[in-house]
Amino acid sequence: EAGVAQSPRYKIIEKRQSVAFWCNPISGHATLYWYQQILGQGPKLLIQFQNNGVVDDSQLPKDRFSAERLKGVDSTLKIQPAKLEDSAVYLCASSLSTGNEQYFGPGTRLTVT
Amino acid sequence: QKEVEQDPGPLSVPEGAIVSLNCTYSNSAFQYFMWYRQYSRKGPELLMYTYSSGNKEDGRFTAQVDKSSKYISLFIRDSQPSDSATYLCAMNPSGYSTLTFGKGTMLLVSP
């Protein structure tokens with residue numbers, strides 16, 4: 001079974017630029033999560049989708065972050081404009097349904113200079 | 001006080017040692033408790049999942065929950081160099097709510 005795929009793996013941008021991350025969940029997984037993991041911290045949920053609907057985006061900084069999950073499969077997370085404090089690893093995870101067995105992708109390491 | 005507290009380490013042990021990793025929490029509503037292992041530059045991998053109080057064993061790993069003390073533990077027996085990673089605890093009040101993660105404890109097992 002293929003795992004959660006994410007791209008790119010690494011990205012370096014300057015502040016005020018925009019960036020987009022892509023996630024392909026495990027086939028058949030209805031729930032998709034985007035987390036932000038700052039160095040030395042645990043992952044923090046940014047947004048959760050159930051199929052293509054948003055379940056929880058309470059911690060998403062909506063003035064600069066946006067996410068979509070078209071057709072209930074792949075998802076993209078965008079940051080525009082980026083700030084220095086957005087430097088982090090962005091993790092995508094998926095689960096069969098809203099539950100606890102979440103499977104994580106390798107993450108995208110973002111550096112904002 | 002943070003909802004979930006976890007000593008960041010690093011915790012250094014020799015190969016074959018018994019390792020004890022711990023988290024404390026403040027929210028008495030937490031019912032589901034998980035341990036994830038995260039290798040450097042990789043995503044977290046679910047190791048153990050327990051509900052409410054008690055013990056759960058899986059091979060060399062044992063997860064323990066003491067809800068009265070708001071304290072959870074992960075024990076690793078016969079530790080191996082391949083166990084060197086960051087261990088994250090996570091928990092939530094129900095199976096349908098957001099996970100709250102600890103900061104993670106870095107474990108180093110030397111040959």
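Chain letters run A, B, ... following the sequence lines, proteins first, then strands; residues in each count from 1. The figures that follow rest on heavy atoms only: side chains count, while hydrogens, waters and symmetry mates do not.
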According to a 4.5 Å side-chain heavy-atom criterion applied to Ile, Leu, Val, Met, Phe, Trp and Tyr, with indirect links allowed, do Leu47(B) and Leu21(B) form part of one hydrophobic cluster? yes
When only pairs under 4.5 Å are counted, which of Gln38(B), Lys42(B), Arg41(B), Glu45(B) shares the most heavy-atom pairs with chain A? Arg41(B)
Using the rule that two of Ile, Leu, Val, Met, Phe, Trp, Tyr join whenever any of their side-chain heavy atoms come within less than 4.5 Å, decide whether Val73(A) and Leu77(A) are in one cluster. no
Run Tyr33(A) and Leu99(B) through side chain to side chain contact (heavy atoms under 4.5 Å, CB included) and show every step you take. CA-CA 11 Å; Tyr33(A) 314 78; Leu99(B) 283 177; over 6 Å; no
Name the region of Gln6(A), side chain, backbone, both or neither, that has any atom closer than 4.5 Å to a heavy atom of chain B. neither
Does any backbone or side-chain atom of Pro44(B) lie under 4.5 Å from a heavy atom of chain A? Answer side chain, backbone, both or neither. both
Let me confirm one number: the CZ-OH distance from Phe104(A) to Tyr36(B), rounded to the nearest 0.5 Å. 5.0 Å
Phe101(B) with Met106(B), same ILVMFWY side-chain cluster at under 4.5 Å: no
For Lys67(B), I'd like to know if atom NZ has over 12 heavy atoms of other residues, nucleotides or ligands within 6.0 Å. yes
Is Phe75(B) linked to Tyr49(B) within one hydrophobic cluster, defined over Ile, Leu, Val, Met, Phe, Trp and Tyr using a side-chain heavy-atom separation of less than 4.5 Å? no
Test of understanding: clusters of I, L, V, M, F, W, Y form through side-chain heavy atoms closer than 4.5 Å, transitively. Do Tyr103(A) and Leu32(A) belong to the same one? no
CD1 of Ile38(A) to NZ of Lys103(B), rounded to nearest 0.5 Å, is 10.5 Å
Between Pro43(A) and Leu88(B), is there a side-chain heavy-atom distance shorter than 4.5 Å? yes
What part of Tyr10(A) lies closer than 4.5 angstrom to a heavy atom of chain B: side chain, backbone, both or neither? side chain
